[in-house]
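Notes follow once the structure below has been shown.
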Amino acid sequence: MYLSLQPKPDIIRNMNHNTESVAVSEHENRLQKRALYESEGTNPFAYAYNRTHTIADALALAAGCGPGEKTTHQVAVCGRIKAKRGHGKAMFVNITDQTGTIQLYASVNDLGDLTHFERLDVGDIVGVQGALFTTRRGEITINIQSFALLTKSMHSLPEKYHGLQNKEARYRQRYVDLIANPDVMAVFQKRSAVIQQVRAYLHDQGFMEVETPVLHHIYGGASARPFTTHHNELNQSLYLRIALELHLKRLIVGGFEKIFEIGRVFRNEGVSFKHNPEYTLLELYQAYADYTDMMALTESMIHGLVVATYGSPTVTYQGQLLDFSLPFKRVSMRDAILNEAGVDIDTVSDADMVALLVAKGIEDAASMPRGELINEVYDTYVEHTLIQPTFVVDYPVETSPLAKNHRDKPAYVERFELIVAKMELANAFTELNDPVEQKARLQAQQQSRDAGSVNAHGMDDDFIEALSYGMPPTGGLGIGIDRLVMLLTDAASIRDVLFFPHLKQIVT
RNA sequence: GAUCCGGUAGCUCAGCCGGUAGAGCACCUGACUUUUAAUCAGGUGGCCGAGAGUUCGAAUCUCUCCCGGAUCACCA
């Protein structure tokens, strides 16, 4: 795509031999204004402005003011010009700061001469000072006594009514999107609030926030392909982390009992409406707890976030009503598969599962080991049926190399995922802490990796060494923050909750 | 990586059974001292994503490529 918000080469035409009708591009027009300010000795890029009120504060001051009423409140506010309406010897302008939008009224009565004010363009950032009043139509307005150009904008803004719609331009030039589409700023303010609330909740529960390395020698903690990088001085290959898990568990070994990290992880996989190559993951670990404790914590925290955001436990997400009332639904993976695919994974033969998968077009099912078959049947038959918040509980051991064997059911591990609107939102287990068992599991992973499985874990000897010192019984939980924010902002795509989602570079 | 949809003025979009490139907003000129998607009159502005082909003639038809979106696949 030609990035159309960039200035095109300036075009000066004189089509009808009339010297008055020389057309100048908007960008050129503004460059000329910049030069004009300089020739007048005015810096069109000021250093600061003595603001007395935010726009929201100013609006609040005049809140009780009726139509046509004047006040004695003097305010000095700053913001970007969003609209101009010339009216002969007067002019209305709307300016926006981070807190809101307010109307300005400039007239020859107070400014004497509107020449300099009229020179301002939509997009410019100004500071204005004056008294609050309310127009006949009831809009709170500042009657300008003085003003200053703070920053000259060299581009025109997108259309005032439709805003910026082109998705590619919105993602690539998010700053324009933020200027043009007020809803976008609200989404990211909500994202920040959600993360702040998560932190507050966890601190309240006695968790300590920690930070662990992003650069790993051995990647693990999830099934994913990593990004590879290189340390020049040490001449070492390094990986960007795909999970936080293995370092956080080392800290549990070290004696911390309740810790969490909110960090960026990187997965070298495809991009979609729910996948971005880098995303924000919350992981927490609690000593002396198991996955039932993690389930209670997950429920409590997410329920609290929904209520804090919407004032009730229900959310409309993409037209569907989601009910986060406590407790969330629970279903074992075995029962879920029994309901949707009609087979009991405790007794069904591998051949029957292969047949189920081939029927859905998964041709390479015959080569899958049993655990992967079960997982695939679940993905194919069950996951897309889970709209309401549902804990899917107890997973086959083969696909969960870091989770502890189920205390009652030998073929399973103690693990759950929380599925909402068909998306995996959380994943948790009772952590495997037997170093011998863990080593055997990772060796099995290593074997399938050697056999060509690119997502299988590699052996991490230091992690096994850490477990060998003794990790207390531990519950662990991971929550995809971006997806959580999607649910809480009704965002259809993960790109809408990331300031700068990953896009291909434009090669020119 | 596969399939489908899209890319036309600064922005939002028409035009697509081939025949001189359009509207609204923005911008420029003029009028207007409480407007608010202000209004009224006039005007400027295009490598129609890029390249090749078919044709007397291509925004329009064909092919290749680039970028985006949706659905898959992989994954959280």
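Source: prediction; values computed, not measured. Chain naming here is simple, since letters A, B, ... match the order of the sequence lines and numbering starts at 1 in each.
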Has A/Lys160 got a side-chain N or O lying under 4.0 Å from the OP1 or OP2 atom of B/A38? yes
Between B/A76 atom C1' and A/Ile242 atom CD1, what is the distance in whole Å? 11 Å
A/Phe207 versus A/Gln286: any side-chain heavy-atom pair under 4.5 Å? yes
Would you measure the distance from the P atom in B/A76 across to the matching atom in B/G6 and give it in whole Å? 34 Å
Should A/Lys249 and A/Glu283 count as an ion pair when the cut-off is N to O under 4.0 Å? no
Those residues at least two apart in sequence (or on a different chain) that pass side-chain hydrogen bond (donor to acceptor under 3.5 Å, both in side chains) with A/Thr474 are none
Measure distances between side-chain N and O atoms of A/Gln165 and base N and O atoms of B/U12, and say whether any donor-acceptor pair falls under 3.5 Å. no
Under the rule for side-chain contact (heavy atoms from CB on, under 4.5 Å), what residues qualify as partners of A/Asp110, not counting sequence neighbours? A/Ser107, A/Asn143, A/Gln145
It should be established whether A/Arg85 places a side-chain nitrogen or oxygen under 4.0 Å from OP1 or OP2 of nucleotide B/U36. no
Is it true that A/Lys33 and A/Asp121 make a salt bridge, defined as a side-chain N closer than 4.0 Å to a carboxylate O? yes
Work out how far the P atom of B/A14 is from that of B/U54, and round it to whole angstrom. 32 Å
I'd like a list of close polar pairs between nucleotides 70-72 of chain B and the protein, N/O only, cut-off under 3.5 Å.
from	atom 1	to	atom 2	distance (Å)
B/A70	OP2	A/Arg495	NH1	3.0

Answer yes or no for this row: A/His87 ring on B/A38 base, centroids under 5.5 Å, planes under 30°. yes
Spell out yes or no: do the side chain of A/Tyr105 and the base of B/U35 have one donor N/O and one acceptor N/O closer than 3.5 Å? no
Using atom C1' in both nucleotides, what's the gap between B/C48 and B/C74 to the nearest angstrom? 37 Å
Using side-chain heavy atoms (C-beta onward) and a distance below 4.5 Å, is A/Val420 in contact with A/Phe324? yes
A/Phe500-A/Tyr171 aromatic ring centre distance below 6.0 Å: no
Out of B/A76, B/U35, B/C25, whichever nucleotide has its closest atom nearest the side chain of A/Tyr279: B/A76
Using a cut-off of 4.0 Å on non-hydrogen atoms, how would the nucleic acid contact of A/Asn276 be classed: base, sugar-phosphate, or nothing? base
Taking side-chain contact (heavy atoms from CB on, under 4.5 Å) as the test, write out the residues that go with A/Gln447, two or more places apart. none
Under 4.0 Å between a Lys/Arg side-chain N and an Asp/Glu carboxylate O for A/Glu168 and A/Arg495? no
Closest to the A/Ile494 side chain, choosing from B/C27, B/A76, B/A37: B/A76
Roughly how many Å apart are B/C40 and B/C32, using the C1' atom of each and rounding to a whole number? 9 Å
Short of 4.0 Å, heavy atom to strand atom, which residues of residues 92-104 of chain A count as contacting RNA chain B? A/Phe92, A/Gln103
Counterpart base for B/C72, defined by Watson-Crick or G-U wobble contacts under 3.5 Å: B/G1
Test of understanding: with side-chain hydrogen bond (donor to acceptor under 3.5 Å, both in side chains), list the residues that count as partners of A/Arg225, not counting sequence neighbours. none
Could you give the distance separating B/G22 and B/C27 at their P atoms, to the nearest angstrom? 23 Å
Paired nucleotide for B/C27 [Watson-Crick or G-U wobble; both distances under 3.5 Å]: B/G43
